[in-house]
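Shown next, in structure tokens, is the structure this report addresses.
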Number of protein chains: 2
Amino acid sequence: MRVSTRGEYGVRAMFDLALNYGNGPIPLKAVAKRQLVSETYLEQLLGALRRAGLVSSTRGAQGGYELAHPPERITVGQIIRVLEGPITPLDCLDTDSGSGPYCGQPDQCVLRGLWKNLQDSMERVLDNTTLEDLRSKAIRLGVAQGQ
Amino acid sequence: MRVSTRGEYGVRAMFDLALNYGNGPIPLKAVAKRQLVSETYLEQLLGALRRAGLVSSTRGAQGGYELAHPPERITVGQIIRVLEGPITPLDCLDTDSGSGPYCGQPDQCVLRGLWKNLQDSMERVLDNTTLEDLRSKAIRLGVAQGQ
DNA sequence: TCATTTCCGACTAGATTCGTCGGGATTCAA
DNA sequence: TTGAATCCCGACGAATCTAGTCGGAAATGA
Ligand code: FES
Ligand code: FES
């Protein structure tokens, strides 16, 4: 039941970009340094986030990454889904992912409801937390590290 | 964000034992067959659940496993913790597990609250679902397979 | 005694995670 | 026009985790 470092670091990076939103592109190097993540690893993650349309990039000198949308329009759930796939405790809940909607139970699956509850409750938290929520909290705490 | 097969099968097995609660020890073989889980693998899981005090076992012929407590006193959260460890999206939330309460952030960690919310919401579901909840649902649906 | 059943530890193949590495393409600025 | 900054891409690799298997010992009831 863990979130992988892809998800963890990805959220950190997006949070960093949210703090710096509106200041033009921020180089990967700066994000990596502030968020204590390896540059080369973060590059992978931001690449995926770019292909998913959550960040935009500018190449060349003075280039970097920035959020593709305002912080209040990007949720943590979106970030996690890009970096880790569907948010679901069990593949069988995710009808889009091939393995049919049911496990091998003879009749209806009694346990399905349990796992669905778990999924819903995870998604509720992650989809209702936006980068703006995190940004404003950082400002309130006085730990906004942007510039 | 997945539950492993240990957790999944473990809950299935405990659910099966709940359906058969009060009928004396149920052999592993019967549980494995009904729940479509490999016998040798399930043996590992039930061993851990026994050592954790959630099931009791009777050795020898006519032996088997049974719940150590009535179904309403065992939660899915307990089962998952035995088989997968603490329910937490990030190790840093779990103060008992060595790696200190904080990630490497300079000041307070703004993101911690997010992950804590996620953890709370997962635990709320898993700790509030008892085996009795699952058992009564199975009976209501008419899919109780015990005997 | 013998079939049944739990108990235990060791072992393994495969998948996944968590990165690293090398080099190419693009852009700005001097 | 050159060079530094920066993103882009794919391949590679070590370590860890997952999902089991296997062989045999011990206990128990018939
Ligand atoms: S349908 Fe998913 S566990 Fe049964
Ligand atoms: S304290 Fe856990 S992510 Fe910062």
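Fair warning: this is a prediction, and the values are worked out from it, not measured in the lab.
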Give every donor-acceptor pair under 3.5 Å between a side-chain atom in residues 54-75 of chain B and any protein atom, sequence neighbours left out.
residue: H69(B); atom: NE2; partner: G53(B); partner atom: O; Å: 3.4
residue: T75(B); atom: OG1; partner: G77(B); partner atom: N; Å: 3.4
residue: T75(B); atom: OG1; partner: Q78(B); partner atom: N; Å: 3.1

### Query
How would you give the extent of chain A contacts on DNA chain C, as first and last nucleotide 5' to 3' within a 4.0 Å heavy-atom cut-off?
dC18(C) to dA29(C)
### Residue pairs, two or more places apart or on separate chains, that pass salt bridge (charged side-chain N to carboxylate O under 4.0 Å, His left out) and touch residues 74-84 of chain A
R81(A)-E123(A), R81(A)-D127(A)
### Query
Quick one: CZ on R6(A) to CG on L49(A), what's the gap to the nearest 0.5 Å?
8.5 Å
### Query
Step by step, would you call N23(B) with N20(B) a side chain to side chain contact (heavy atoms under 4.5 Å, CB included)?
CA-CA 6 Å; N23(B) 299 344; N20(B) 290 280; 4.1 Å; yes
Note, [X] side chain near [Y] side chain (heavy atom, < 4.5 Å):
{"X": "M1(A)", "Y": "T88(B)", "result": "no"}
{"X": "L118(A)", "Y": "L114(A)", "result": "no"}
{"X": "L93(A)", "Y": "P89(A)", "result": "yes"}

## Note on the structure
Assign each of T58(A) and Q44(A) the nucleotide of DNA chain D bearing its closest heavy atom; nearer the 5' end lies the nucleotide of T58(A)
### Task
Select from E39(B) and G60(A) the residue whose nearest nucleotide in DNA chain D is closer to the 5' end of that strand.
G60(A)
### Task
Please assess D120(B) against K116(B) for the test salt bridge (charged side-chain N to carboxylate O under 4.0 Å, His left out), listing each intermediate value before the final yes or no.
CA-CA 6 Å; D120(B) 289 347; K116(B) 187 76 173 99; 3.1 Å; yes
### Query
Of A61(A) and R6(A), whose closest DNA chain C nucleotide lies nearer the 5' terminus?
R6(A)
## Note on the structure
Of L28(B) and Y9(A), the one whose closest nucleotide on DNA chain C sits nearer the 5' end is L28(B)
### Query
Do the side-chain N and O atoms of Y41(B) and T5(B) include a donor-acceptor pair separated by under 3.5 angstrom?
yes
### Task
For DNA chain D, determine which residues of residues 73-85 of chain B have any heavy atom closer than 4.0 angstrom to one of its atoms, and list them numerically.
none
### Partners passing salt bridge (Lys or Arg N to Asp or Glu O under 4.0 Å) against E132(A) (at least two apart in sequence or in another chain)
R135(A)
### Query
Between D133(A) and T130(A), does a side chain to side chain contact (heavy atoms under 4.5 Å, CB included) hold up when you go through it step by step?
CA-CA 5 Å; D133(A) 295 333; T130(A) 67; 3.3 Å; yes
### Task
Taking heavy atoms of chain A and a 4.0 Å limit, find me the 5'-most and 3'-most nucleotide of DNA chain D within that range.
dA5(D) to dC9(D)
Select base, sugar-phosphate, or nothing to describe what [X] touches, counting heavy atoms under 4.0 Å on all strands.
{"X": "T40(B)", "value": "base"}
{"X": "R2(B)", "value": "nothing"}
{"X": "G63(A)", "value": "sugar-phosphate"}

